[in-house]
2 protein chains.
Amino acid sequence: MSHEPARPKYQRIADDLRASIDRGEYQPGDRLPGENSLAADFGVAPLTVRQALGLLRAEGLVDSRKGSGVFVQSFRPIRRRGIHRLRRDGWGSGQTIWSADDDRSPDVDQINVHEDVAPPEHIARVLGLADEETSCVRGRRYSMDGRPVMLATSYLPQTLVAGSPITQAETGPGGIYARLADLGHEPVRFREEIRSRMPTGEEAARLSIPADRTVLKLVRTAFDAEGRVVEINDMTLDSAAYVLDYEFDA
Amino acid sequence: MSHEPARPKYQRIADDLRASIDRGEYQPGDRLPGENSLAADFGVAPLTVRQALGLLRAEGLVDSRKGSGVFVQSFRPIRRRGIHRLRRDGWGSGQTIWSADDDRSPDVDQINVHEDVAPPEHIARVLGLADEETSCVRGRRYSMDGRPVMLATSYLPQTLVAGSPITQAETGPGGIYARLADLGHEPVRFREEIRSRMPTGEEAARLSIPADRTVLKLVRTAFDAEGRVVEINDMTLDSAAYVLDYEFDA
DNA sequence: CAGTGGTCTAGACCACCAA
DNA sequence: TGGTGGTCTAGACCACTGC
């Protein structure tokens with residue numbers, strides 16, 4: 001008889017609370033009992049309950065507000081489609097694994113544009129910049145229902161975009177890809193690379209997420225018809241807010 | 001004069017250690033000083049150092065072994081290409097954001113096949129199964145250099161694959177997609193959906209990851225030429241082990 | 001058997017929020 | 001002003017590793 005190694009208390013408590021939330025005993029927006037109260041209920045020390053809540057918070061299931069309490073996150077992830085393409089009729093509808101909000105337009109703030117900036121080394125390399133060559137950097141933040149969900153920073157070769165609307169805060173209809181097309185460098189191919197890591201202090205602050213919630217780094221590289229890299233968009237996503245979606249033919 | 005709210009000690013210590021690792025002061029495989037030693041160095045309590053190490057462990061930067069120490073993870077993520085397509089010459093080479101191992105073949109174990117299984121409700125819905133209709137379930141685990149990196153479970157309609165090699169552990173050259181083609185249901189289109197969440201206890205155990213390391217859920221849905229869903233592959237990835245890569249035309 | 005990390009306890013002080 | 005979560009301390013016991 002092989003007895004399983006006991007799963008630690010704090011993990012069992014996390015599983016308990018997660019199950020309660022999944023069963024709907026706590027609805028989105030509801031406040032969980034206080035830590036001391038939970039500690040008494042489960043018969044453990046407050047710190048043990050804190051560890052359990054830490055797992056749920058890192059996961060994005062709950063959101064704890066200092067001085068107020070721990071609240072169940074309303075979980076409606078955003079579906080981000082990486083490949084936009086007309087769908088044949090009858091395909092795709094209702095056949096996704098996770099329900100998620102689709103095609104809603106987020107609010108944008110913290111827009112800033114800087115010209116003649118030396119980008120990070122790994123960006124400069126992929127952009128194919130020569131030594132001393134600079135870039136135009138466009139930053140912004142996206143929010144959904146008042147909740148920040150993504151930071152994005154675009155890097156473009158300075159020599160390519162100097163004097164164009166791309167160096168302005170407002171780039172006009174179609175955005176910077178339309179303006180790149182105006183300049184004869186329409187993006188025709190993209191690469192998106194995705195990794196998971198901890199947020200920096202600044203990222204956590206701007207996204208209003210706890211320090212132990214991982215973010216998804218999503219870096220989109222845009223190529224023009226000659227195969228030149230014309231833009232790199234470095235995105236930082238709240239990992240609890242998104243479902244990424246890619247569709248493609250065999 | 002707005003003074004920034006002080007970043008907590010444990011986060012500053014985590015940043016310190018992360019920077020030391022990035023600078024190469026600790027090489028992959030190296031053992032970090034013990035918790036008590038670090039606590040003395042930083043002038044804080046052992047638990048505070050533990051919190052800092054917890055962040056690095058959740059991130060996958062370090063790996064702590066009970067009774068032995070905390071070791072820097074050798075960081076060589078695996079590049080998983082979601083879209084296989086011939087690249088035009090000169091594209092893509094050396095232009096990726098993150099360096100990663102490419103096209104290495106992982107080891108596979110924990111292979112199991114079960115027929116006539118009732119799949120989870122959300123799988124049954126996407127598979128388009130009628131009530132009581134069952135599926136064939138194929139599970140396996142992938143490892144790289146002895147380190148488990150991914151769990152995968154495929155669900156196929158039982159009526160579609162009954163009696164075919166798909167119900168065997170060994171499916172033959174080309175795998176189950178080739179066998180589906182033999183059956184007249186070649187997959188011609190795919191959807192991949194990606195989410196981040198905490199591992200279950202079983203997932204953490206099979207992947208040998210700590211309970212606070214997020215996993216990436218990657219669910220691939222395969223459609224045949226008639227638009228029927230012929231397979232769902234539910235994958236669980238160690239988020240610290242992978243770079244996901246998608247390339248596509250505008 | 002000495003040292004390590006994993007878990008857990010008891011309790012302190014603080015900033016913040018709501019009544 | 002009382003309760004909340006956030007941080008931090010001091011210390012206990014255990015399982016495991018490696019000498």
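Quick note on labels: first sequence line is chain A, next is B, and so on, each numbered from 1.
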Legend entry - Residue pair B:Tyr246 / A:Glu193, side-chain donor-acceptor N/O under 3.5 Å: no
Legend entry - Distance-only donor-acceptor check, side chains B:Lys217 and B:Ser196, under 3.5 Å: no
Legend entry - Given DNA chain C, 5'-ward residue of the pair B:Leu47 and B:Leu53, judged by closest heavy atom: B:Leu53
Legend entry - Separation of atom CD1 in B:Ile13 from atom C1' in D:dT7, rounded to whole Å: 12 Å
Legend entry - Integer-rounded Å distance: C:dC14 P and B:Tyr10 OH: 19 Å
Legend entry - Lys NZ or Arg CZ of B:Arg65 over B:Phe71 ring: under 6.0 Å, within 45°: yes
Inset, instruction - Kindly say if B:Thr48 contacts the phosphate of D:dT7, meaning a side-chain N or O under 4.0 Å from OP1 or OP2. - result: no
Inset, instruction - Please report, rounded to the nearest Å, how far the P atom of C:dG5 is from the CG atom of B:Leu56. - result: 13 Å
Legend entry - Pair A:Thr171, A:Arg138: side-chain N/O donor-acceptor within cut-off below 3.5 Å: no
Legend entry - 5'-most by nearest nucleotide on DNA chain C - A:Val44 or A:Arg65: A:Val44
Inset, instruction - In whole angstrom, give the distance that lies between atom CG of A:Leu38 and atom P of D:dT4. - result: 11 Å
Inset, instruction - Answer yes or no: does a side-chain N or O of B:Ser68 lie under 4.0 Å from OP1 or OP2 of C:dG5? - result: no
Legend entry - Rounded distance (Å) that lies between atom P of D:dA15 and atom CD of B:Glu35: 18 Å
Inset, instruction - Please determine, for the side chain of A:Gln11, which listed nucleotide (D:dT17, C:dT7, C:dT9) has the closest atom? - result: C:dT7
Inset, instruction - Take the protein atom CG of B:Asp63 and the nucleotide atom C1' of C:dG6, then report the distance between them rounded to whole Å. - result: 14 Å
Legend entry - Listed nucleotide nearest any side-chain atom of A:Pro8, set C:dT7, D:dA10, D:dT7: C:dT7
Inset, instruction - Return no unless some side-chain N or O of A:Lys9 is found under 4.0 Å from OP1 or OP2 of C:dG6. - result: no
Inset, instruction - Ignoring backbone atoms, test whether B:Lys66 places a side-chain nitrogen or oxygen under 4.0 Å from the OP1 or OP2 oxygen of C:dT7. - result: no
Inset, instruction - Let me know the distance between CD of A:Gln51 and P of C:dT7, rounded to the nearest Å. - result: 7 Å
Inset, instruction - Identify which nucleotide among D:dA10, D:dG5, C:dG6 has an atom closest to any side-chain atom of B:Ala45, counting heavy atoms from C-beta outward. - result: D:dA10
Inset, instruction - Have a look at A:Arg50 and say if it touches a base, only the backbone sugar-phosphate, or nothing, with a 4.0 Å heavy-atom cut-off. - result: base
Inset, instruction - Rounded to the nearest angstrom, tell me the gap between atom CZ in A:Phe42 and atom P in C:dT7. - result: 17 Å
Inset, instruction - Using atom types as modelled and distance alone, determine if a side-chain donor or acceptor of B:Arg141 lies under 3.5 Å from a backbone N or O of B:Arg206. - result: yes
